[in-house]
Amino acid sequence: NALTRRGRGLLVAFEGCDRSGKSTQCQMLVDYLKSTGRDVAHLCFPDRTTSIGKSINSYLQGTTELEDHAIHLLFSANRWEAVPKIKELIEKGTLVIMDRYAFSGVAFTAAKKGFDVKWCKNPDRGLPSPDVVFYLDISIKDAEMRGQFGEERYEKAEFQQRVADIYKQLRSDDWKVLDAMRDKNDIHMEIRSTLLEMEELCRDAPLKNLWT
Ligand code: FDM
Ligand code: MG
């Protein structure tokens, strides 16, 4: 089929506030790609299974406290520890689909008092840059109407609003902003066709480095 090709795989990231449908779209895309026989890897950040990820998990669940700079660096380290695997997958032609990436890292820390975007970007500078970022755009009001935010740290409307404001500052040409209030199948179809276009564009270009 049209998605079958030789050459490197694509690096794709999904971003958005809580309740934006990010994880749903990520899963729908992974399922679709698998059904076409494509080699696909589904990564989630934070990856809570590593030892760094376990510290992050207990921080998010409120079991432990960590200084704000320290947790920021742990989130970043949790991406860097995945880089060898990401590069290997991309090289052998696998489509790597990531649920959250460095943009979450910057948006969630820069939403805290006393942090600026420039400082927050630094530890993630040089990571493999996604070929495309799908941003599920939703107002915090609409997100809240989909059901209460959960119990984890950061799952509060006021904080999510600040996160959304920072995400706006991070947008670049590699981003595809999608209206998260549309029918989820329509959104999925748009993601599929964007991905096809991207495969054509990126066929011969090497992966770029983020924020360099
Ligand atoms: N989060 C996620 C961060 O604060 N920094 C990061 O670098 C990443 C990847 O962790 F509130 C926040 C975003 C969210 C929480 O994410 C856990 P999931 O997608 O709900 O597991
Ligand atoms: Mg969550």
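If you're wondering where the values come from, they're calculated on a predicted model, not measured in any experiment. Heavy-atom basis, side chains included; hydrogens, waters and symmetry copies ignored. Start at 1 and go down the list; that is how both ligands and their atoms are numbered.
The protein non-hydrogen atom at the shortest distance from atom 16 (O) of ligand 1 is Arg100 NE, 3.2 Å. In this structure, atom 4 (O) of ligand 1 lies nearest to the protein heavy atom Phe108 CB, 3.2 Å.
Among pairs with a residue in residues 69-95, those fulfilling salt bridge (Lys or Arg N to Asp or Glu O under 4.0 Å) read Arg79-Asp124, at least two apart in sequence or across chains.
Defined by atom type and a distance below 3.5 Å, a donor-acceptor pair is missing between the side-chain atoms of Asp165 and Gln169. Side-chain atoms of Tyr135 and Ser20 form no donor-acceptor pair, as typed in the model, at a separation below 3.5 Å. Side-chain contact of Thr50 with Asp47: a donor-acceptor pair under 3.5 Å is absent, judged by distance alone.
Taking every non-hydrogen atom of Arg79 and a distance limit under 4.0 Å, the qualifying atoms of ligand 1 come out as 6 (C), 7 (O), 9 (C). Close approach of ligand 1 to Pro46 (heavy-atom distance below 4.0 Å) involves ligand atoms 2 (C), 9 (C), 16 (O), 17 (C). Of all atoms in ligand 1, numbered sequentially from 1 with element shown, those under 4.0 Å from a heavy atom of Leu60 are 10 (O), 15 (C), 17 (C). In the vicinity of Phe45, heavy-atom distances shorter than 4.0 Å reach the ligand 1 atoms 9 (C).
Of the options Arg100, Lys156, Arg153, Arg146, a salt bridge (Lys or Arg N to Asp or Glu O under 4.0 Å) to Asp18 is made by Arg100 and by none of the others. Among Ile191, Asp137, Thr194, Asp186, the one residue that satisfies the side-chain contact (heavy atoms from CB on, under 4.5 Å) test with Leu178 is Ile191.
Below 3.5 Å of separation, one finds no N or O of Asp99 facing any N or O of ligand 1.
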In sequence, state the C-alpha distance, the side-chain angles, and the governing distance for Arg192 and Glu199, and then conclude on salt bridge (charged side-chain N to carboxylate O under 4.0 Å, His left out). CA-CA 11 Å; Arg192 268 197 212 181; Glu199 288 217 297; over 6 Å; no
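Of the options Phe159, Tyr101, Phe75, the smallest heavy-atom separation from atom 3 (C) of ligand 1 is shown by Phe75.
Judged by the shortest distance from any of its heavy atoms, Arg48 lies inside the 4.0 Å radius around the atoms of ligand 1.
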